[in-house]
Protein chains: 2
Amino acid sequence: MTSRDDLGQMPGHLIRRLNQRSTAVFAERMKSAPVELTSVQYAALDVLAREPGIDQARLASLIAYDRATIGDVVKRLERKGLVARQVSEQDRRARTLRLTGEGEAALAQVAPMVAALQAEILGKLTEAEQAQFLDLVRKAVEA
Amino acid sequence: MTSRDDLGQMPGHLIRRLNQRSTAVFAERMKSAPVELTSVQYAALDVLAREPGIDQARLASLIAYDRATIGDVVKRLERKGLVARQVSEQDRRARTLRLTGEGEAALAQVAPMVAALQAEILGKLTEAEQAQFLDLVRKAVEA
DNA sequence: TCAATATGGTAAGTATACGTATCATATTTT
DNA sequence: AAAATATGATACGTATACTTACCATATTGA
């Protein structure tokens, strides 16, 4: 054929397709949720439940996004009434973030669904393979 | 702590971060390339070199994207002068795609860099682990 | 053959994602 | 304290990504 490597064997391509599958499964399952969230929005709510009062920069660093992206995500969560934003008293540049009551409720309702859907993302693998895979990914993205 | 699963252990989150690393490595290496391509643009060129004359729908299916996304990708490649688009004679709805001379040259220059960068994406893993990882991903995204 | 259906492409809308620049405010350095 | 630097947030630009709707053209079926 050609001397070029097959695209379908390249890590980058395979990883992209797996991520695609992951987001597709997430979106599909969320269709039947009381509050429809994207996976990024869920991640943000999850972190804010654990660490209320952090600012956007810290939120971004905790879920590994850049500030610009998180700004928009938070804006949408605020518009949905799930997150409240407030100018920090210690640092007037920063906005501290908190879940609203509605945000807490949404997270509580959605969390079990999200936990359940995780296995489906790797549904083509046996349980042993899933565990192995997760070990490898954790190592691959390690700081 | 809480009863919720740790985000950092969830497949979806880990896969997203790995994909993030993958695209970051790609973009970083491309900065020193003669023609700067995104990974999707590279994938499109690669497929068109192997199968000249296919239309956008077929291209989309071969690299696992939807038609709308590929439409924009092709538009940008056409604007860069790397791909030529032509109304199909067999099917007037379809546009057949071909690399231009410039597109061929760009692909030839970039292909070795792309092949080389793949190992870096999984650079935190040993070679044996990389092979293992790829086997698992291939199985996970299998049709 | 003509209606029903399917398919290729585009348009519009939404949501990521990131780089760079800019502004406001903090912190550090001199 | 003034200057230099760093940092939080936003704005803007570019590029994915996917859904739904729509138009044009093909194919299928009655």
Side-chain angles (χ1 to χ4, degrees), chain A residues 12-13 15-28 30-31 36-44 53-80 82-83 85-97, chain B residues 12-13 15-28 30-31 36-44 53-80 82-83 85-97:
Chain A
H13 187 71
I15 290 165
R16 178 182 66 75
R17 292 189 52 186
L18 185 57
N19 190 52
Q20 198 175 33
R21 178 183 169 91
S22 173
T23 58
V25 167
F26 197 102
E28 178 59 29
M30 275 304 120
K31 278 186 190 165
E36 219 170 318
L37 298 172
T38 66
S39 62
V40 191
Q41 290 171 5
Y42 175 80
I54 60 175
D55 63 27
Q56 295 185 189
R58 176 125 180 82
L59 173 60
S61 110
L62 285 174
I63 56 182
Y65 279 95
D66 75 2
R67 291 205 312 273
T69 301
I70 281 307
D72 286 339
V73 171
V74 169
K75 190 195 302 169
R76 283 184 283 269
L77 287 171
E78 198 181 19
R79 196 192 302 150
K80 285 184 183 180
L82 305 179
V83 161
R85 199 156 25 169
Q86 193 179 355
V87 173
S88 164
E89 292 171 11
Q90 292 85 41
D91 186 339
R92 309 239 322 278
R93 294 169 303 181
R95 281 99 168 81
T96 60
L97 305 170
Chain B
H13 185 73
I15 290 165
R16 179 182 66 75
R17 292 189 53 187
L18 185 57
N19 190 51
Q20 197 174 34
R21 177 184 170 88
S22 173
T23 58
V25 167
F26 197 102
E28 177 59 30
M30 275 305 120
K31 278 185 191 165
E36 218 169 320
L37 297 173
T38 67
S39 61
V40 191
Q41 290 171 5
Y42 175 79
I54 60 174
D55 63 27
Q56 294 185 189
R58 176 122 180 84
L59 172 60
S61 112
L62 284 174
I63 57 182
Y65 280 94
D66 73 3
R67 291 205 311 272
T69 300
I70 282 307
D72 286 339
V73 172
V74 169
K75 190 195 301 167
R76 283 184 283 268
L77 287 172
E78 198 182 20
R79 196 191 303 149
K80 285 184 184 180
L82 305 179
V83 162
R85 199 157 23 170
Q86 192 178 354
V87 173
S88 165
E89 291 171 12
Q90 292 85 42
D91 185 340
R92 309 240 323 278
R93 293 169 304 181
R95 281 102 169 78
T96 59
L97 305 170

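In the text below, chain A, chain B and the rest are named by the order of the sequence lines, each starting its count at 1.
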Sorted by chain and number, sequence neighbours left out, salt bridge (charged side-chain N to carboxylate O under 4.0 Å, His left out) with E28(A) holds for K31(A)
What integer distance in Å separates Q90(A):CD from dA24(C):P?
22 Å
Set of residues satisfying side-chain contact (heavy atoms from CB on, under 4.5 Å) with respect to A57(B), sequence neighbours excluded:
D55(B), R67(B)
Indicate whether OP1 or OP2 belonging to dA24(C) is found under 4.0 Å from a side-chain N or O atom of R93(A).
no
Exercise: identify the closest heavy-atom pair between A44(B) and L77(B):
CB-CD1, 3.9 Å
Please name all residues satisfying side chain to side chain donor-acceptor pair (under 3.5 Å) with Q41(A), sequence neighbours left out, ordered by chain then number.
K80(A)
Contact residues, residues 15-23 of chain B to DNA chain D [heavy atom, < 4.0 Å]:
none
H13(A) vs I63(B) side-chain heavy atoms within contact, under 4.5 Å
yes
Contact check, residues 58-73 of chain B vs DNA chain D, heavy-atom distance under 4.0 Å, returns Y65(B), D66(B), A68(B), T69(B), V73(B)
Side chain to side chain donor-acceptor pair (under 3.5 Å) partners for R85(B), two or more places apart
Q56(B), E78(B)
Rounding to an integer number of Å, can you tell me how far F26(A) CZ sits from dT16(C) P?
10 Å
Rounded to whole angstroms, how far apart are CZ on R95(A) and C1' on dT25(C)?
11 Å
Atom-pair distance (CG on D55(B); P on dT10(C)), nearest Å:
11 Å
In chain order, what residues pass the side-chain contact (heavy atoms from CB on, under 4.5 Å) check against Q86(B), with sequence neighbours excluded?
T96(B)
Whole-Å gap separating C1' (dT16(C)) and CD (E36(A)):
16 Å
Contacts of Y65(A) meeting side chain to side chain donor-acceptor pair (under 3.5 Å) (sequence neighbours excluded), chain-then-number -> R16(B)
So the contacted stretch of DNA chain D, first to last nucleotide with an atom under 4.0 Å from a non-hydrogen atom of chain B, runs from dA15(D) to dA26(D)
Filter on salt bridge (Lys or Arg N to Asp or Glu O under 4.0 Å), then keep only pairs touching residues 86-95 of chain B, sequence neighbours left out; what's left?
D91(B)-R93(B)
Contacts of D66(A) meeting salt bridge (charged side-chain N to carboxylate O under 4.0 Å, His left out) (sequence neighbours excluded), chain-then-number -> none
For S61(A), all residues meeting side-chain contact (heavy atoms from CB on, under 4.5 Å), sequence neighbours excluded:
R58(A)
Quick check: on DNA chain D, is the nucleotide nearest K75(A) upstream (toward 5') of the one nearest D91(A), or the reverse? Name the residue that is more 5'.
D91(A)
Identify, between R76(A) and A57(B), the residue whose nearest nucleotide on DNA chain C lies closer to the 5' end.
A57(B)
